[in-house]
Amino acid sequence: MMFVFSTVYTLAVLFLSTKAEPKSKSCIEVRAAYSSKGFNVNDVPNKGVHGAHLKVCPQGYSCCTLEMEEKLSQQSHSDLKAPVSQLSYNLQSTFKQRHSHFDQFFRELLDNAERSLNDMFVRTYGLMYVQNAELFKHFFQELKRYYMSGSGAVNLDSMLSEFWEDLLERMFRLVNVQYEFSDAYMECVSRHTEQLKPFGDVPRKLRLQLTRAFVAARAFTRGLALIPDVVSKVSTVSASPSCVRAAMKMMYCPYCSGQVALKPCQNYCINVMRGCLANQADLDTEWNNFLDAMLSLAERLEGPFNFESVMDPIDVKISEAIMNMQENSMQVSQKVFQGCGQPKPGKGTRSGRSVKETGFTGRFRPYSPDARPTTAAGTSLDRLTTDVKKKLKNAKKFWSTLPETVCAGERIAGGDDCWNGTAKSRYESVVMGSGLANQVSNPDVEVDITKPDGVIRSQIAALKEVTGWLKAAHSGNEIFVDPGEDDEDGSGREESGSGCDSPSCDQDIYFSTPPTHVNPRLVVFPKDTAGGARVTRGSAALALCGLTLALLAPHWR
């Protein structure tokens with residue numbers, strides 16, 4: 001009897017040893033995989049142990065110790081962040097580069113416009129222009145300040161009014177060199193620049209074009225700058241402990257069961273990632289609204305608010321205004337004399353002194369539209385906007401589709417041969433929707449839907465605010481609050497704009513400004529239609545070539 005019992009016992013031991021042997025061998029692969037992660041291979045047991053001590057992974061047969069599980073949990077946290085960080089970094093880099101391109105392009109258009117005007121005027125008028133060049137230098141300085149800082153630094157309407165008033169004063173003196181004017185007299189002249197309209201309709205049109213173009217350019221570049229900032233802040237939001245636990249279970253519990261090559265089922269991975277990225281997904285609605293506003297404003301940049309089409313020929317437009325003044329100088333002078341009083345003849349001058357006796361023989365130079373400014377960006381606004389529109393469209397739904405983007409390719413396994421969280425089998429649970437509210441029943445991640453992430457909520461608010469700026473810019477209005485200013489209600493404040501609403505922005509409409517103080521002595525005569533035939537721009541320039549600075553005219557580039 002004793003012999004029989006001993007024989008049975010021996011056979012039972014041999015049987016159990018035979019069954020355990022394959023499991024013991026499976027830990028060899030775990031040791032290699034664990035070591036490849038940079039951990040000490042000596043942490044891995046040589047043979048499988050009972051996993052009752054584990055906190056995350058199944059507690060049956062296991063190649064993991066509690067220490068291994070803790071280290072793999074830390075690793076899973078890094079592995080979870082890696083693809084999200086990479087995708088976010090790519091998005092940041094894309095729009096940092098586009099912001100740089102647009103900002104550089106706008107700045108260089110301003111520099112080129114100033115340089116081109118200055119070079120031509122120096123060649124054409126020499127010292128006579130140099131003596132008056134500060135007027136135009138200041139004009140471009142103010143435009144650059146407005147581009148960089150908006151209405152908080154420069155009131156565009158006021159700046160343009162002062163420019164035309166100053167230009168009128170200088171030209172009025174030149175076309176009436178036979179008279180002597182006091183400062184008070186010239187103040188009377190400049191106060192009524194708008195009523196006199198010495199430059200025709202050019203100042204009104206240029207004000208409208210500049211306002212639209214600058215507001216759109218500023219809003220668009222600030223929108224491009226916002227994208228990397230939002231992505232950076234949102235993508236660095238820390239994972240919750242329950243998310244780390246779920247990531248560990250999904251990525252490394254197969255290690256503990258000896259199945260190091262086993263990858264998670266796709267739907268399992270999506271549920272885990274939707275739980276971990278629930279707050280980020282809530283950004284998607286406002287994110288998409290913001291991108292739609294950017295795309296809409298890009299259309300404006302390509303069309304009626306085209307910064308390039310305004311800045312490129314701005315010297316031509318100023319020259320056109322000056323030509324109008326030249327051609328109507330007699331009528332303008334008569335209106336001024338009637339309203340501000342007859343000036344005194346200058347000392348040593350004859351009242352009948354002709355215009356041709358007062359200046360030098362400059363030459364009118366026609367503008368060639370084929371010569372365009374070259375920027376370091378090496379492109380045009382149309383090319384830049386075409387490129388950035390593709391990037392903006394591709395960025396839509398970035399946050400809501402992030403789980404699917406992460407749970408793709410080599411990170412997951414297809415079919416039923418995948419890890420479902422407990423074993424190698426089909427994943428049966430329902431896939432949750434995107435967003436925090438949809439995670440209340442997530443089977444794989446515990447998500448507290450009552451505690452939205454503060455960082456992400458602040459970015460949602462930031463996107464909503466900037467979307468408001470972009471929509472205002474689409475109508476030609478600027479409502480930016482400059483950095484450093486308090487904006488307690490978060491709504492911004494309207495600073496300037498054309499007052500243009502879609503779709504009428506495509507039309508050339510005048511929006512009136514507050515009336516200036518009217519001098520009762522000024523009498524504005526109706527437009528002279530009975531006078532001689534209107535001379536052409538070229539012949540007028542040749543006839544009035546002695547007006548020095550007043551002879552500024554269109555040029556070729």
Side-chain angles (χ1 to χ4, degrees), residues 91-92 94-103 105-106 109 146-147 150-151 156 208-231 283-311 379-401 459-481 490-509 511:
L91 193 62
Q92 289 180 64
T94 293
F95 286 101
K96 278 183 179 179
Q97 186 181 56
R98 268 63 190 180
H99 171 263
S100 177
H101 286 170
F102 270 87
D103 185 54
F105 186 76
F106 290 143
L109 278 176
Y146 181 75
Y147 170 72
S151 297
L156 190 59
L208 185 60
Q209 292 168 349
L210 285 172
T211 299
R212 292 171 170 178
F214 271 80
V215 167
R218 293 192 70 246
F220 198 75
T221 52
R222 290 188 71 172
L224 290 175
L226 178 69
I227 295 176
D229 186 56
V230 170
V231 174
L283 189 78
D284 217 48
T285 298
E286 210 54 58
W287 173 263
N288 292 334
N289 290 339
F290 164 76
L291 294 179
D292 284 337
M294 287 288 289
L295 285 165
S296 183
L297 190 56
E299 297 288 343
R300 287 292 201 212
L301 286 173
E302 291 178 315
F305 296 180
N306 191 305
F307 192 88
E308 185 175 21
S309 68
V310 174
M311 290 311 304
T379 186
S380 68
L381 186 57
D382 290 341
R383 291 180 184 177
L384 287 174
T385 50
T386 298
D387 169 69
V388 80
K389 279 162 61 178
K390 292 180 181 178
K391 305 301 181 185
L392 290 168
K393 290 175 183 177
N394 291 339
K396 292 189 70 175
K397 297 184 179 180
F398 175 81
W399 303 106
S400 61
T401 60
Q459 295 310 300
I460 290 174
L463 286 169
K464 185 177 293 187
E465 182 180 24
V466 176
T467 300
W469 301 348
L470 295 169
K471 288 180 178 179
H474 187 272
S475 298
N477 296 311
E478 180 183 26
I479 58 172
F480 293 137
V481 175
S491 62
R493 68 178 170 83
E494 186 168 342
E495 295 181 343
S496 67
S498 69
C500 182
D501 292 318
S502 176
S504 60
C505 284
D506 295 335
Q507 304 171 14
D508 189 8
I509 298 177
F511 300 94

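Residue numbers count from 1 along this sequence.
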Note, Tyr146 side chain near Glu478 side chain (heavy atom, < 4.5 Å): yes
List, one per line, each side-chain donor-acceptor pair under 3.5 Å for residues 287-296, sequence neighbours excluded.
residue : atom : partner : partner atom : Å
Trp287  : NE1  : Ala395  : O            : 2.9
Asn288  : OD1  : Lys397  : N            : 2.8
Asn288  : ND2  : Asp284  : O            : 3.2
Asn288  : ND2  : Asp284  : OD2          : 3.4
Asn289  : ND2  : Thr285  : O            : 3.4
Asp292  : OD1  : Lys396  : NZ           : 2.7
Ser296  : OG   : His474  : NE2          : 3.0

Close side-chain approach of Val215 to Phe305, heavy-atom, < 4.5 Å: no
Beyond-backbone contact of Leu301 with Leu384, side-chain heavy atoms, under 4.5 angstrom: no
Residues which pass side-chain hydrogen bond (donor to acceptor under 3.5 Å, both in side chains) with Glu286, listed by chain and number, not counting sequence neighbours: none
Separation between CZ of Phe307 and CZ of Arg218, rounded to the nearest 0.5 Å: 11.0 Å
Residues that Asp382 engages under side-chain hydrogen bond (donor to acceptor under 3.5 Å, both in side chains), provided they are two or more places apart: none
Lys471 NZ: over 12 foreign heavy atoms closer than 6.0 Å: no
Ser475 OG to Leu470 CG distance, which is reported to the nearest 0.5 Å: 11.5 Å
Trace of the side-chain contact (heavy atoms from CB on, under 4.5 Å) decision for Leu109 with Val310: CA-CA 10 Å; Leu109 278 176; Val310 174; over 6 Å; no
side-chain hydrogen bond (donor to acceptor under 3.5 Å, both in side chains) against Asn306, all qualifying residues, sequence neighbours excluded: none
Separation between CG of Leu156 and OG1 of Thr211, rounded to the nearest 0.5 Å: 4.5 Å
Chi angles and distances behind the side-chain contact (heavy atoms from CB on, under 4.5 Å) call for Leu381, Phe106: CA-CA 9 Å; Leu381 186 57; Phe106 290 143; 3.9 Å; yes
Sub-4.5 Å side-chain heavy-atom contact between Met311 and Phe214: yes
Contacts of Phe95 that satisfy ring pair (Phe, Tyr, Trp, His ring centres under 6.0 Å) - sequence neighbours left out: none
Interatomic spacing from CG in Asp229 to CZ in Arg222 - rounded to 0.5 Å: 11.5 Å
Residue pair Asp103 / Leu224, side-chain heavy-atom distance below 4.5 Å: no
Asn394 side-chain N/O to Lys390 backbone N/O, donor-acceptor pair under 3.5 Å: yes
Euclidean distance, Glu302 CD relative to Ser380 OG, rounded to 0.5 Å: 9.5 Å
Nearest heavy atoms of Ala219 and Leu297, plus distance in Å: CB-CD2, 3.8 Å
Side-chain (Ser100) to main-chain (Lys96) donor-acceptor, under 3.5 angstrom: no
Contacts of type side-chain hydrogen bond (donor to acceptor under 3.5 Å, both in side chains), residue Gln97, not counting sequence neighbours: none
